[in-house]
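To start, the structure itself, in structure tokens.
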Amino acid sequence: QVQLVESGGGLVQAGGSLRLSCAASGRTFSSYAMAWFRQAPGKEREFVAAISGTGGSTDYADSMKGRFTISRDNAKNTGYLQMNSLKPEDTAVYFCAAINRNGYSRLATLYNYWGQGTQVTVSS
């Protein structure tokens with residue numbers, strides 16, 4: 001079992017940056033691939049970025065490439081999402097998710113564990 005708690009959301013102006021954190025319980029965090037998803041009002045949950053359990057492989061949605069960076073510190077049982085050059089269309093609730101294997105997926109339905117979400121609001 002893994003419990004995930006996100007933090008770091010908030011209000012930022014367009015062009016600004018935020019770093020989201022996802023703190024995980026348990027002693028085998030490195031066995032879990034991790035991903036970030038987001039959901040804006042009235043829209044479906046969408047894939048943002050993912051990282052393998054070892055941290056050696058990452059994947060990004062096209063609209064986030066070059067602006068967002070996913071990382072993890074397995075010694076601290078924490079994952080991160082650094083978001084730069086934020087745009088108003090990035091406004092959403094951001095969720096971290098984990099799956100009990102090293103390899104990640106872009107499919108939300110495959111993830112077993114989810115955090116409660118953290119709100120990110122980007123003003124124009």
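On a predicted model such as this, the values are computed, not experimentally measured, just so you know. Just so you know, these numbers use all the heavy atoms, side chains as well, and skip hydrogens, waters and symmetry mates. Residue numbers run from 1 in the order of the sequence given.
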Would Thr91 and Val120 count as a side chain to side chain contact (heavy atoms under 4.5 Å, CB included) if you check the C-alpha gap in whole Å, the side-chain angles of each, and the deciding distance to 0.1 Å? CA-CA 5 Å; Thr91 295; Val120 171; 5.9 Å; no
Which pair of heavy atoms, one from Thr54 and one from Asn102, lies closest together, and at what distance? N-OD1, 3.0 Å
Taking C-beta and beyond as the side chain, do Met83 and Ser17 meet within less than 4.5 Å on heavy atoms? no
Take atom CD in Gln3; do more than 12 heavy atoms of anything else shown fall under 6.0 Å from it? no
According to the ring-ring contact (aromatic ring centres under 6.0 Å, His included) rule, which pairs have a member within residues 100-124, sequence neighbours left out? Tyr32-Tyr113, Phe37-Tyr111, Phe37-Trp114
Any Thr121 side-chain heavy atom under 4.5 Å of Val12 side chain: no
For Ser31, side-chain hydrogen bond (donor to acceptor under 3.5 Å, both in side chains) partners two or more places apart: none
Please give me the minimum heavy-atom distance between Ser71 and Ile51, naming the atom from each residue. CA-CD1, 3.7 Å
Is the side chain of Arg72 donor-acceptor paired with the backbone N or O of Asn74 at a distance under 3.5 Å, no angle test? no
The criterion is salt bridge (Lys or Arg N to Asp or Glu O under 4.0 Å); which residues satisfy it with Glu46, sequence neighbours excluded? Arg38
Within-4.5 Å side-chain heavy-atom neighbours: Met34 and Ile70: yes
Please answer: with hydrophobic residues joined when any side-chain heavy atoms are less than 4.5 Å apart, are Phe47 and Leu20 in the same cluster? no
Does Lys65 have any salt bridge (Lys or Arg N to Asp or Glu O under 4.0 Å) partners at least two apart in sequence or in another chain, and if so, which? Asp62
Closest heavy-atom pair and its distance - Leu11, Ser123: CD1-CB, 4.3 Å
Keeping the roles fixed (side chain from Ser52, backbone from Ser57), state whether a donor-acceptor pair exists under 3.5 Å. yes
Within 45 degrees of the axis of the six-membered ring of Tyr80 and under 6.0 Å from its centre: does Arg19 put its NZ or CZ there? yes
Any side-chain donor paired with an acceptor under 3.5 Å for Asp73 and Thr78? no
Check whether any side-chain heavy atom of Phe95 lies under 4.5 Å from a side-chain heavy atom of Val48, and answer yes or no. no
Between the OG atom in Ser25 and the CD atom in Gln1, the distance rounded to the nearest 0.5 Å is 8.5 Å
Those residues at least two apart in sequence (or on a different chain) that pass salt bridge (Lys or Arg N to Asp or Glu O under 4.0 Å) with Arg67 are Asp90
Taking all non-hydrogen atoms of both residues, which atom of Ala92 and which atom of Ala40 are closest, and how far apart? CB-N, 3.8 Å
Show the numbers, then the answer: is there a side chain to side chain contact (heavy atoms under 4.5 Å, CB included) between Gln119 and Tyr94? CA-CA 6 Å; Gln119 176 71 47; Tyr94 284 71; over 6 Å; no
CD of Glu6 to SG of Cys96: how many Å apart, nearest 0.5 Å? 4.0 Å
Which atom names give the shortest non-hydrogen contact between Thr118 and Gly9, and what distance separates them? OG1-N, 3.2 Å
Got a sec, which residues hit salt bridge (Lys or Arg N to Asp or Glu O under 4.0 Å) with Arg106, two or more places apart in sequence or on another chain? Asp59
Please check if the side chain of Asn77 supplies one atom and the backbone of Phe29 the other of a donor-acceptor pair under 3.5 Å. no
Minimum-distance pair of heavy atoms, taken over all atoms of Ser105 and Leu110: OG-CD1, 3.4 Å
Does any part of the side chain of Val5, heavy atoms only, come nearer than 4.5 Å to the side chain of Gln116, both counted from C-beta? yes
